[in-house]
Amino acid sequence: MLDYALTQLVDGPSLPGLLLLLLPVAVLYWWIRGRGMFLSILASLLILMSVQATGKLLLYPLEIGVRFQDFDPAGLQGRIGAVAVISNGIYRDAVLNDALPSTSSFSRVKRAAHLAGTLGLPIFLSGAESRQGDQADVEFLKALLPPEQSVFVRAGAIGTFEHAAAIASMAREANVQDITVFVSGNHALRTQAALRAEGVRVPVVIVGVRDSIFSASDAMPSFLGFFYWKHALKEYMALAAYLVQGKLAFQDLFVSD
């Protein structure tokens, strides 16, 4: 449990992670001072967040994407001019210094290649900035694509909005205005809105996983509930920051493509 709390929840802004770390403090305060209100409030919040359904309710408005296995590619025929992929960056072996993309990035590129090949469309590949400042992720991912595939590449994006700007740049280069994009499920709304703000229409966002799909087991407490809360709160904070900074307008979140 402690390993999960330290490595999974305390990674960027994480209210569940903060509450877990405060729990021992609350116990000590109750034991020393005999006042349990802080502990009761903290325990109640943790129990609420541990119920998976509560986290999924927060994720549901964000996960507008369609799972790759759930849509018919023929429905995109004539509606888009390119397929875009966002890379999560790379992992480097600490000893060998070899670079590998994340499993999700690998899967997205292979699926995007299949879709683009089926529809006869180019691929826009946007890579994340690495600590070394190189293009290892996009070069590795580009090598996964068939040699005959038309590929546009940009590297070095930091965050969703820079990925959107990179994709918009490739769209202008290819004279394309309507695309579909492969991205993580909880990033779907933010990615679509950022692309709209850049003048690119995205009728369909394709994802690998949608965590907000409900099941009977969601009424049970689980550490997955904390995981869902963490990612949902992070997305809402990012959307709020984009709105305050003027990078997005409210219509970018709600206008249909």
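By convention here, the first residue in the shown sequence is residue 1.
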Step-by-step side-chain contact (heavy atoms from CB on, under 4.5 Å) determination, Ile123 to Val153: CA-CA 8 Å; Ile123 290 181; Val153 175; over 6 Å; no
Pair Glu162-Arg154, salt bridge (charged side-chain N to carboxylate O under 4.0 Å, His left out): steps then yes or no: CA-CA 10 Å; Glu162 287 198 8; Arg154 295 287 189 279; over 6 Å; no
Trace of the side-chain contact (heavy atoms from CB on, under 4.5 Å) decision for Val202 with Arg196: CA-CA 7 Å; Val202 189; Arg196 282 175 180 158; 5.8 Å; no
Verdict with reasoning, Tyr228 to Leu58, per side-chain contact (heavy atoms from CB on, under 4.5 Å): CA-CA 8 Å; Tyr228 299 149; Leu58 286 178; over 6 Å; no
Verdict with supporting geometry, Arg108 and Ser184, side chain to side chain donor-acceptor pair (under 3.5 Å): CA-CA 9 Å; Arg108 279 183 218 139; Ser184 301; 2.7 Å; yes
Test log, rule side-chain contact (heavy atoms from CB on, under 4.5 Å), inputs Ser126 and Met170: CA-CA 9 Å; Ser126 177; Met170 290 183 274; 4.3 Å; yes
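The aromatic rings of Tyr242 and Phe161 lie perpendicular to each other, with more than 60° between the two planes, well past the 30° mark.
In this structure the side chain of Val85 never reaches within 4.5 angstrom of the side chain of Val183, judged on heavy atoms. Put simply, the side chain of Val83 does not reach to within 4.5 Å of the side chain of Leu76, judged on heavy atoms. Looking at heavy atoms from C-beta onward, Val181 lies in side-chain contact with Thr191 at the 4.5 angstrom threshold.
No side-chain N or O of Thr180 forms a donor-acceptor pair with one of Arg79 less than 3.5 Å apart.
For the residue pair Leu248 and Ala193, the shortest heavy atom distance occurs at CD2-O, 3.4 Å. Counting all heavy atoms, side chain and backbone alike, Lys56 lies closest to Ser212 at O-CB, 3.7 Å. Nearest heavy atoms, Thr160 versus Ala194: CG2-CB, 4.4 Å.
Remark: side-chain polar atoms of Ser169 are not paired, donor with acceptor, to backbone N or O of Ala165 under 3.5 angstrom. Panel note: side chain Ser222, backbone Leu224; a donor-acceptor pair is recorded below 3.5 Å.
Under the 4.5 Å side-chain contact rule for hydrophobic residues, Ile86 and Val209 do not share a cluster. Criterion: ILVMFWY side-chain heavy atoms under 4.5 Å apart, direct or through other members. Under it, Val51 and Tyr60 are not part of a common hydrophobic cluster.
With sequence neighbours left out, the side chain to side chain contact (heavy atoms under 4.5 Å, CB included) criterion links Arg67 to Gln69, Asp70, Val207, Arg210, Ile213. Applying the side chain to side chain contact (heavy atoms under 4.5 Å, CB included) rule to Ala174 yields the partners Phe124, Phe152, Val176; only residues at least two apart in sequence or on another chain are considered.
Under 4.0 Å is where a charged nitrogen must lie from a carboxylate oxygen, and between Asp178 and Arg201 at least one such pair does.
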